[in-house]
Amino acid sequence: MNTTASKVLDRVLVLEMVRVTEAAAIAASTLVGRGDEKAADAAAVEAMRAALNELYMDGTVVIGEGERDEAPMLYIGEKVGSAIGKGPKIDIALDPLEGTTICATAGPNSLAVLAIAEQGGLLNAPDVYMEKIAIGPGYPDGLIDLDKSPTENVTALAAAKGVAPSQIIACVLDRPRHEKLIAELRALGVGIMLIGDGDVAGVIATTNPDTTIDIYMGSGGAPEGVLAAAALRCVGGQFKGRLIFRNDDERARARKWGVTDLDKQYDLTELARGDCIFAATGVTDGSLLAGVKRKAGKMTTESVVMRASSGTVRWVKGEHRL
């Protein structure tokens with residue numbers, strides 16, 4: 001990886017990002033399994049906002065929980081940090097509670113997620129759907145393409161891996177809109193891991209051989225696509241994304257945030273450019289991270305933090321006094 005280290009990001013320590021996601025995960029964990037998605041999300045948001053405001057930076061939320069009129073969520077355009085107007089200018093993509101339904105029902109793979117880059121480094125993706133396809137590192141460039149059919153993409157991946165298509169495992173969100181995709185994959189004999197929510201974790205899972213997931217396919221939130229792309233920038237892999245618009249209001253929202261080519265197929269480096277840092281902390285147990293645990297007067301957390309310029313991945317286990 002030839003990404004140049006950012007002097008701006010050097011002033012925002014990698015471990016400080018972990019403290020931010022830890023705070024959000026711990027706050028959300030008090031509501032795991034309680035059936036209240038909004039309360040869990042609000043707890044994570046407030047904890048993440050407070051932690052971000054302790055950091056010496058002039059931060060701008062470019063991927064958040066909606067627009068300003070949807071406050072008190074961390075809204076797009078919100079300024080955070082203790083040095084607004086004088087500190088290093090940082091773009092922030094965040095999801096304080098990725099998988100709100102998962103958290104509310106105590107399911108797997110709920111995370112607190114955050115990515116940062118220098119100003120202008122992250123695509124200001126509107127809150128619309130995005131068609132996505134992703135694979136892990138180690139394959140020839142340009143192997144996957146949204147203009148190809150699922151069959152063509154899986155066949156190309158299988159050939160590059162040296163296996164039959166029936167040996168490929170795909171991760172797909174369990175949604176009615178994916179019925180045709182699932183049927184086409186099963187006709188090839190592809191194994192499918194259906195997930196109820198949490199497509200950031202689903203994309204990242206393609207980079208970890210222990211998950212056995214080879215490819216992520218389907219549509220999900222565009223903001224989550226930028227977060228996942230930031231993670232892949234750090235560890236390697238390929239990602240393609242294309243915004244999906246259901247009506248003129250969504251197209252107008254995209255133009256408002258600077259998207260000019262509404263039909264563009266975005267590559268990894270167009271979604272997350274330059275040096276970037278990605279951090280995530282588990283809220284519930286999952287394939288990527290263990291969730292928050294309470295025992296004997298303390299809490300334990302498990303996090304991962306990655307940086308694009310160094311290709312470094314750090315796994316962080318924390319103990320916190322109750």
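The basis for the numbers below is simple: all heavy atoms, side chains too, and nothing from hydrogens, waters or symmetry mates. Note that the coordinates shown come from a computational prediction; the quantities given were computed from them, not determined experimentally.
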Query raised in the report: So, the side chain of T105 versus the backbone of G33: is there a donor-acceptor pair under 3.5 Å, distance only?
Result: no
S82 vs E54 side-chain heavy atoms within contact, under 4.5 Å
no
(message) Looking at D58 and K79, is there a salt bridge between them, counting it only when a charged N and a carboxylate O are closer than 4.0 Å?
(response) yes
Task: Check ion pair K161-D214 (N to O, under 4.0 angstrom) - done: yes
Main-chain N/O of I195 paired with D174 side-chain donor or acceptor, under 3.5 Å: no
- Message: So F278 and I116, do their side chains get closer than 4.5 Å, heavy atoms only?
- Response: no
| Donor-acceptor contact below 3.5 Å, side chain N109 vs main chain G198 | no
Closest non-hydrogen contact found for M48 with V113 is CE-O, 3.9 Å
Sorted by chain and residue number, the salt bridge (Lys or Arg N to Asp or Glu O under 4.0 Å) partners of D263 (sequence neighbours excluded) come out as none
Checklist line | Donor-acceptor contact present, side-chain Q167 to main-chain V163, <3.5 Å | finding: no
CG of L74 to CG of D95, rounded to nearest 0.5 Å, is 10.5 Å
- request: Give the cluster check for L268 versus I215: same hydrophobic cluster or not, with ILVMFWY residues linked at side-chain heavy-atom distances below 4.5 Å.
  value: no
Does T281 form a side chain to side chain donor-acceptor pair (under 3.5 Å) with E22? I'd like the steps, not just the answer.
CA-CA 6 Å; T281 300; E22 282 177 343; 5.5 Å; no
Heavy-atom nearest pair, A308 first then C234, reads N-SG, 3.4 Å
| said: For the residue pair E184 / T151, report whether a side-chain donor-acceptor contact shorter than 3.5 Å exists. | reply: yes
TODO: Kindly work out whether a path of hydrophobic side-chain contacts (I/L/V/M/F/W/Y, heavy atoms less than 4.5 Å apart) joins I26 to W315.
DONE: no
One should read off an interatomic distance between T212 OG1 and I169 CD1, to the nearest 0.5 angstrom, of 5.5 Å
**Report entry** Verdict with supporting geometry, R49 and E46, salt bridge (charged side-chain N to carboxylate O under 4.0 Å, His left out)
**Finding:** CA-CA 5 Å; R49 176 184 277 129; E46 289 308 312; 2.8 Å; yes
| task | Report yes if the side chains of I135 and L143 come closer than 4.5 Å at any heavy-atom pair, otherwise no. | result | yes
Rounded to the nearest 0.5 angstrom, the CZ-CG distance for F239 and L146 is 8.5 Å
The reported gap from OG1 in T301 to CZ in R19 (rounded to nearest 0.5 angstrom) is 11.5 Å
Exactly one of D197, L97, D36 clears side-chain contact (heavy atoms from CB on, under 4.5 Å) with C103, and that residue is L97
Fill in: Single-linkage hydrophobic cluster L157~I182, side-chain heavy atoms < 4.5 angstrom
yes
Item to complete: Tell me yes or no: between the side chains of R294 and S29, is some donor less than 3.5 Å from an acceptor?
Response: yes
Tightest non-hydrogen contact, residues L122 and A117, listed as CG-CB, 3.9 Å
Is the backbone N or O of V32 less than 3.5 Å from a side-chain atom of R34, with the two atoms forming a donor-acceptor pair by type?
yes
field: Lys/Arg N to Asp/Glu carboxylate O, D199 vs R175, below 4.0 Å
entry: no
Practice problem: Using atom types as modelled and distance alone, determine if a side-chain donor or acceptor of E78 lies under 3.5 Å from a backbone N or O of Y75. | Solution: yes
ask   = For R177, does the CZ atom have more than 12 heavy-atom neighbours from other residues, nucleotides or ligands under 6.0 Å away?
value = yes
- Query: Would D267 and Q238 satisfy side chain to side chain donor-acceptor pair (under 3.5 Å), going step by step from the backbone distance to the final call?
  - Reply: CA-CA 8 Å; D267 201 355; Q238 297 179 43; over 6 Å; no
Whether the side chain of H320 engages the backbone of A23 through a donor-acceptor N/O pair (distance < 3.5 Å, no angle test) should be reported. no
* Asked: Under 4.5 Å between any side-chain heavy atoms of V283 and E98, yes or no?
  -> no
| message | Between L232 and L173, is there shared hydrophobic-cluster membership here, with clusters defined by ILVMFWY side-chain heavy atoms closer than 4.5 Å? | response | yes
So CG of L181 and OG of S149: to nearest 0.5 Å the spacing works out to 10.5 Å
Tightest non-hydrogen contact, residues A93 and L227, listed as O-CD2, 3.4 Å
Smallest heavy-atom separation, L243 atom then P126 atom, equals CD1-CD, 4.2 Å
- Query: Just checking, any donor-acceptor pair under 3.5 angstrom between side chains of S110 and T284?
  - Reply: no
_Polar side-chain atom of R273 near backbone of E270 as donor-acceptor pair, under 3.5 Å_ = yes
Would you say that K89 contacts T60 through its side chain, given a criterion of any heavy-atom pair below 4.5 Å between the two side chains?
no
For salt bridge (charged side-chain N to carboxylate O under 4.0 Å, His left out), just list the numbers for D285 and K293, CA-CA rounded to whole Å, side-chain angles, deciding distance to a tenth of an Å, and then say yes or no. CA-CA 9 Å; D285 288 344; K293 302 287 191 303; 2.5 Å; yes
So, do D145 and K148 sit near enough that their side-chain heavy atoms are less than 4.5 Å apart?
yes
Residue pair R307, D275: steps toward the salt bridge (charged side-chain N to carboxylate O under 4.0 Å, His left out) verdict:
CA-CA 7 Å; R307 186 166 185 180; D275 196 5; 2.7 Å; yes
>> Heavy-atom count check: over 12 atoms from other residues, nucleotides or ligands less than 6.0 Å from Y139 OH?
In response: yes
Just by distance, do the side chain of D127 and the backbone of A222 share a donor-acceptor pair under 3.5 Å? no
CG (D147) and CG (N153) are apart, to the nearest 0.5 Å, by 9.5 Å
Point to revise | pair K298-R321: side-chain heavy atoms closer than 4.5 Å | key: no
Practice prompt. Give a yes or no on whether I192 and I213 share a hydrophobic cluster (residues Ile, Leu, Val, Met, Phe, Trp, Tyr; joining criterion: side-chain heavy atoms under 4.5 Å apart).
Written response: no
Shortest non-hydrogen pair, A125 vs V226, comes out as CB-CG2, 3.7 Å
Discussion item. Using only atom types and a distance under 3.5 Å, with no angle test, would you say the side chain of R246 pairs donor to acceptor with the backbone of V128?
Written reply: no
Note: with side-chain heavy atoms under 4.5 Å as the link, the other cluster members for I84 come out as none
Requested in this report: Verify the neighbour count for atom CE of M193: are there more than 12 heavy atoms of other residues, nucleotides or ligands below 6.0 Å?
Outcome: no
Should the pair R251-D248 be classified as a salt bridge under the 4.0 Å nitrogen-to-oxygen rule? yes
